[in-house]
Amino acid sequence: MDRFLGIFDHVRAWAWASVVANSVIIFTGGVVRLTGSGLGCPTWPRCTEESFVPHRSLGFHGVIEFGNRMLTYVLIAVAIATFVAVWRWAHTSRSLRRHAGILAVGVPFQGVVGGITVLTDLNPWIVSIHLLLSLALVAGSIILVLRVSDPARQAMTGLPGRLVALVYVLTWVAVYLGTVVTGSGPHAGDAQAPRNDLDPQLWSRIHAGSVWALVLATVVLVVVLRGTPAFRAALVLLGVELAQGLIGYVQYFTDLPIALVAAHLVGAAVLVAAATFVLGRSRGVGMPGTDVPAVRDVVHQ
């Protein structure tokens, strides 16, 4: 029994596993949409009205959609294991347990939202919510990683703190506008799936404008954060933004090839993770009882 419980002692590894699992499910969900398999199982929670598993008549679309549903159970297992690991951790607290518990509950809730997308025939606005909730779970998992692995630091104030908040808000604005663009274009998940009837070219430009605003704000942030513990994280974030922006432009001018769209989707998860890491570092998120002073406001020095 002790040997079995010992697998939950590596709380940092389980926290990272939560990040990876929530990111992988975003990728596999994208595969479902990009292969036109969104209604491969035409109902929910069953795959068909008569069966929980796909019939041969549903073809590979049914297999792909059902496979993505089954991965949800893997994600639930990781979430439960992460919660147990946090519960058993020597430095745990009620707040940490609550944090891990919310992540664990969020996974089946996200599964229900996925079911609603099927029941609404892949309504693009519901699909958008489905993706944003998955990205929120990625963000929550990153904060958990910081809380169980990084030393706590004093929160940044003044201009650095405000810039970090601005960059984080712009990150989510850019991601949300990206889902709006997706809902107006091809790759709906099924040939009969509705679109949001917005102009894809116009909203692509609006989305691109939000990305440029994010990149410019991050450049300023990198300059301001020089000499602070969050500098490298901000530099990584800038690199992720530039890579994600490049993929976005290339996919737009090459008529949205599936491989690039999938890469852009995974890039959204990486972008949110990187932005959340910067936010956590600037807010002093870290292990309880390890308050390590940090530079609070470099512009006032």
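Values in this document were obtained by computation on a predicted structure and should not be read as measured data.
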Donor-acceptor under 3.5 Å ([X] side chain, [Y] main chain):
X: H55; Y: G62; result: no
X: S93; Y: L96; result: yes
X: R97; Y: V86; result: no
X: R195; Y: T182; result: yes
X: N196; Y: V180; result: yes

Of V169, V173, V167, the residue whose pairing with T171 passes side chain to side chain contact (heavy atoms under 4.5 Å, CB included):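 Single pass found, and it is V167.
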Ring-ring centroid check W172 Y176, cutoff 6.0 Å: no
Worked check of side chain to side chain donor-acceptor pair (under 3.5 Å) between R281 and T228: CA-CA 10 Å; R281 278 286 180 85; T228 74; over 6 Å; no
Distance-only polar pair, side chains of T35 and S37, donor-acceptor under 3.5 Å: yes
Distance-only polar pair, side chains of S95 and R147, donor-acceptor under 3.5 Å: yes
Side-chain contact test, heavy atoms from C-beta onward, threshold under 4.5 Å: evaluate it for [X] versus [Y] and give yes or no.
X: Q110; Y: S134; result: yes
X: P160; Y: S282; result: no
X: D121; Y: L39; result: yes
X: N68; Y: V31; result: no
X: F66; Y: H61; result: no
X: T157; Y: R162; result: no
X: I142; Y: W16; result: yes
X: V24; Y: V20; result: yes

Using the rule that two of Ile, Leu, Val, Met, Phe, Trp, Tyr join whenever any of their side-chain heavy atoms come within less than 4.5 Å, decide whether [X] and [Y] are in one cluster.
X: V270; Y: V236; value: yes
X: L271; Y: V181; value: yes
X: I247; Y: L242; value: no
X: Y168; Y: L225; value: yes
X: W44; Y: I126; value: yes

Of all the heavy-atom pairs spanning [X] and [Y], show the shortest one and how long it is.
X: T48; Y: P42; answer: CG2-CD, 4.3 Å
X: A269; Y: S23; answer: CB-OG, 4.3 Å
X: L198; Y: S184; answer: O-CB, 3.4 Å
X: V240; Y: A274; answer: CG2-CB, 4.3 Å
X: S141; Y: V19; answer: CB-CG2, 3.5 Å
X: L170; Y: L214; answer: CB-CD1, 3.9 Å

More than 12 heavy atoms from other groups under 6.0 Å of CZ on R232: no
Exceeds 12 heavy-atom contacts within 6.0 angstrom, atom CZ of F60: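 Enclosed.
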What's the separation between atom [atom1] in [X] and atom [atom2] in [Y], rounded to the nearest 0.5 Å?
X: L103; Y: R98; atom1: CG; atom2: CZ; answer: 13.0 Å
X: L58; Y: E65; atom1: CG; atom2: CD; answer: 10.5 Å
X: T117; Y: I129; atom1: OG1; atom2: CD1; answer: 10.5 Å
X: T179; Y: L177; atom1: OG1; atom2: CG; answer: 7.5 Å
X: L144; Y: T276; atom1: CG; atom2: OG1; answer: 12.5 Å
X: R12; Y: T82; atom1: CZ; atom2: OG1; answer: 14.0 Å

Plane angle bin for F253 and Y249 - parallel if under 30°, tilted between 30 and 60°, otherwise perpendicular: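 Y249 vs F253 ring planes: parallel.
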